[in-house]
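Step one of this worksheet: look at the structure below.
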Number of protein chains: 2
Amino acid sequence: MTMSNTGGRRRPPTIHDVAREAGVSRGTVSRVLNGGHYVSPAAQEAVNAAIRRTGYVVNRHARSLITGRSDSVGFLLTEPQERFFEDPNFNVLLRGCTQALAAHDVPLLLMLAGTEDERRRITRYITAGHVDGVLLVSSHSGDPVAEELRAAGVPLVACGKPIGLGSKVSYVAADDRDGARDMVRHLLSLGRRRVGVVTGPLDTPGGVERLAGYREVLGEAGVAVDERLVVPGDYSRASGEAGAERLLAQAPDVDAVFVASDLMAQGVLAALQRAGRRVPEDVAVGGFDDSPAAVAASPELTTIRQPWDRISAEMVRVLLAQIGGDDPAAVILPTELVKRDSA
Amino acid sequence: MTMSNTGGRRRPPTIHDVAREAGVSRGTVSRVLNGGHYVSPAAQEAVNAAIRRTGYVVNRHARSLITGRSDSVGFLLTEPQERFFEDPNFNVLLRGCTQALAAHDVPLLLMLAGTEDERRRITRYITAGHVDGVLLVSSHSGDPVAEELRAAGVPLVACGKPIGLGSKVSYVAADDRDGARDMVRHLLSLGRRRVGVVTGPLDTPGGVERLAGYREVLGEAGVAVDERLVVPGDYSRASGEAGAERLLAQAPDVDAVFVASDLMAQGVLAALQRAGRRVPEDVAVGGFDDSPAAVAASPELTTIRQPWDRISAEMVRVLLAQIGGDDPAAVILPTELVKRDSA
DNA sequence: CATGCTTCTGTGAGCGTTCACAGTAGAGAA
DNA sequence: TTCTCTACTGTGAACGCTCACAGAAGCATG
């Protein structure tokens, strides 16, 4: 435990020092450092002891210089950053990725590409090989950065299915469609038959899939889809409020609403209450995300939980595999219905 | 704009390639890269053109290997992470630091040291010189990590004044005392004379300073400090609620409360309303932080805004200066009174 | 003319690793 | 014995850059 680094910040020990201390060669120390194959138990032990005694830590720059790897990955956030940073799910994602990477001793570089300038700088930085791979989080997919990185051959894992990149790029996503199906089935199971939907933006996979799930379940249940019950939203609270108003106007007999995000659902609740409808007695409301907005709402929202902790873990796993040479892969994770008071 | 990197991922150009292309030596290219002193305009231009033509990007590992610098800094978060990630101010801080660093082309490594194990690993990583400096965010100060890093001579800037490290470590903080003074003065200016306070945890500088500001202003105004008007809190909403109840019991004639955080202030509002006191008519309430909780509360909170955007910018400035050889420095930034409906 | 100073340029060395290769030693087979 | 195979070890050569130094050229000064 003596760090032998008392006082004035000396030159840190190198692999050479360790080799001398252990009475072996650089090569042997290096082999121990890199998995210990073809090393005798005696040498193994001597080297480990020497490392402990000298407090040696590998110089990653020297290693990277020769291996060409950087042993670090970037966490890239493109587009309007405020929105992401305010999203608690994003925080879970960032924290999860950091921790999962830390378990592999891989540092995470946080990169924000808000402006066009930053995007260029960061793309350049990444394609120059300063990171081995990128965890990509972008809101509206079909991101030009993603395409550039893919073209440059940089290992890449997106959060959520990117639009328009085919199966060339890995991604990890929650099963939006299945989550939507669960929720709509739940609403039907409550005896509701006039189930409306406030969709997400239909240029995002999430928006599309959640709507598709809605349509599927109604179809399977033999309930005709009334297009007056389908109104668009953009995930914002305000759009939820507007959506509910439109729904009430177009189909006053609505008795349940599946809302594609909790934030919108808050708006829906407000509009319904203003219109004198009781929730859940008159109209049942189902959200999506299980964000804090869900418990902050009154009544508390029944919603769909996305497994953000697993998503981050999977993103890291897939990325590291890809850096290791594996092919791109898509991972879809199941969601969970969280029953509270609104339905 | 032709990246000349079409197709199969070739070996990236080195400084050698640029030198040959420009018809000069490695040394000259290197000089251009590092500020361009002692380089003729002609050579300067030739090198820049060659860089553009080849798409050269410096290999940071090779550079770091020889300079001993890593040209990156760590953003270190110690202790309970959930609390931080849920704090929007923290998000502003993280984003601000990332952007300020990006302006200097310095990548930020996000490091979370929740467990003892992680702390050891990260301390080791940092002291091994893998980052040039550390931006430290820890809740309860007097952090052992801070002391270790300081002892190891790692440039360090803390967010908020660290307790017990004397003036040996740089920090950037909002002027808690002055913010508290502003708020209490404001409450007095409304004609209130029985001004209570719910303090923050008194093992944090913020908690101590805000209380000190409260006492000072009352003293200056010639209002005797009644200790029954001073109740402790821990920044949590629940502790605000409990604090208000205690206040009402000990000093029923209280006509204003300075609460050391917005979250606690939410609790205070709830307790006051439950007790039948109107805000701000019967009791004026002032918060601290200007967090989203402030506008989410009803009535909306009058509060003290901390300049988080400037704090992050200053932290980066001080850290880079320190890495450049400057001595540690403390920066105190002014706060701002935000008047809303609660006072 | 020598001397010094300033501005600019090229060269060799070396940063701390890993990797390829060339050994060496011991075991088993011919 | 001699050969081959396996397990292990040491050594030189990179990797791409910066730094110190040496030198060249230009110009003023003694």
Side-chain angles (χ1 to χ4, degrees), chain A residues 9-48 50-51 54-72 105 125 127-130 132 324, chain B residues 9-48 50-51 54-72 105 124-125 127-132 324:
Chain A
R9 206 148 172 56
R10 254 206 320 284
R11 189 175 67 66
T14 73
I15 202 173
H16 233 114
D17 300 326
V18 175
R20 189 164 9 85
E21 182 81 16
V24 298
S25 73
R26 286 176 2 252
T28 300
V29 177
S30 177
R31 274 184 288 266
V32 170
L33 254 32
N34 295 283
H37 297 302
Y38 288 93
V39 180
S40 67
Q44 179 90 248
E45 181 45 44
V47 169
N48 282 328
I51 288 177
T54 53
Y56 170 78
V57 178
V58 62
N59 181 324
R60 297 171 95 110
H61 301 306
R63 172 182 285 173
S64 295
L65 181 55
I66 186 152
T67 60
R69 284 174 285 117
S70 74
D71 292 322
S72 65
D105 213 37
Y125 183 90
T127 52
H130 292 320
D132 294 341
Chain B
R9 206 145 171 59
R10 254 206 319 285
R11 190 176 66 66
T14 74
I15 201 172
H16 233 113
D17 300 324
V18 176
R20 189 164 10 84
E21 183 82 15
V24 298
S25 72
R26 288 174 1 252
T28 300
V29 177
S30 177
R31 275 183 287 265
V32 170
L33 254 33
N34 294 283
H37 298 301
Y38 289 94
V39 181
S40 67
Q44 180 90 249
E45 182 43 45
V47 169
N48 282 328
I51 288 177
T54 55
Y56 171 78
V57 178
V58 60
N59 181 325
R60 297 173 95 108
H61 301 305
R63 173 182 285 174
S64 295
L65 182 54
I66 185 151
T67 60
R69 283 174 285 117
S70 74
D71 292 323
S72 65
D105 213 38
R124 201 176 166 79
Y125 184 89
T127 51
H130 293 319
V131 293
D132 294 340

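In what follows, chains are A, B, ... by sequence order, proteins preceding strands, each numbered from 1. If you're wondering where the values come from, they're calculated on a predicted model, not measured in any experiment.
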Practice task
Please determine if a side-chain N or O atom of B/Tyr56 lies less than 4.0 Å away from the OP1 or OP2 oxygen of D/dC17.
Solution key: yes

Practice task
Check for a donor-acceptor pair, side chain of A/Thr28 on one end and backbone N or O of A/Val24 on the other, with a separation under 3.5 Å.
Solution key: no

Problem - From B/Ser25 atom OG to B/Arg20 atom CZ, the distance as rounded to the nearest 0.5 Å - result: 13.5 Å

Practice task
Determine: side-chain N/O of B/Ser40 to OP1/OP2 of C/dT9, distance under 4.0 Å, yes or no.
Solution key: yes

Problem - Whole-Å gap separating P (C/dG12) and NE2 (B/His16) - result: 11 Å

Practice task
Identify which nucleotide among D/dT18, D/dA14, C/dT7 has an atom closest to any side-chain atom of B/Tyr38, counting heavy atoms from C-beta outward.
Solution key: C/dT7

Handout entry: Presence of salt bridge, B/Arg124 and A/Asp105, under 4.0 angstrom
Key = no

Problem - Interface residues of residues 23-35 of chain A with DNA chain D (non-hydrogen, below 4.0 angstrom) - result: A/Val24, A/Ser25, A/Arg26, A/Gly27, A/Thr28, A/Arg31

Practice task
Let me know the distance between CD1 of B/Ile66 and P of D/dC15, rounded to the nearest Å.
Solution key: 16 Å

Problem - Euclidean distance, atom CG of residue A/Asp17 to atom P of C/dG16 [Å, nearest integer] - result: 9 Å

Handout entry: For A/Arg69, all residues meeting side-chain contact (heavy atoms from CB on, under 4.5 Å), sequence neighbours excluded
Key = A/Thr67, A/Asp71, A/Asp132

Exercise for the section: Could you check how far CZ of B/Arg69 sits from C1' of D/dT18, rounded to whole Å? Expected result: 10 Å

Exercise for the section: Could you tell me the separation between the CG atom of A/Asn59 and the P atom of D/dC17, rounded to a whole number of Å? Expected result: 16 Å

Problem - Shortest side-chain distance from A/Leu65, nucleotide among D/dC15, D/dC17, C/dC8 - result: D/dC15

Practice task
For residues B/Leu65 and A/His61, report the shortest heavy-atom separation together with the two atoms involved.
Solution key: N-CB, 4.1 Å

Problem - Whole-Å distance separating the CD1 atom of B/Ile15 from the C1' atom of D/dC17 - result: 6 Å

Exercise for the section: Would you mind telling me which of D/dG16, C/dG14, C/dT17 lies closest to the side-chain atoms of B/Arg11? Expected result: D/dG16

Completion exercise
Regarding the side chain of A/Ala62, the nearest nucleotide among C/dT17, C/dC15, C/dC8 is C/dT17

Problem - A/His37 NE2 - D/dT9 P separation (whole Å) - result: 14 Å

Practice task
With sequence neighbours excluded, tell me which residues meet ring pair (Phe, Tyr, Trp, His ring centres under 6.0 Å) with A/Tyr56.
Solution key: none

Practice task
Would you indicate whether the side-chain heavy atoms of A/Leu33 and A/Ile15 approach each other to under 4.5 Å?
Solution key: yes

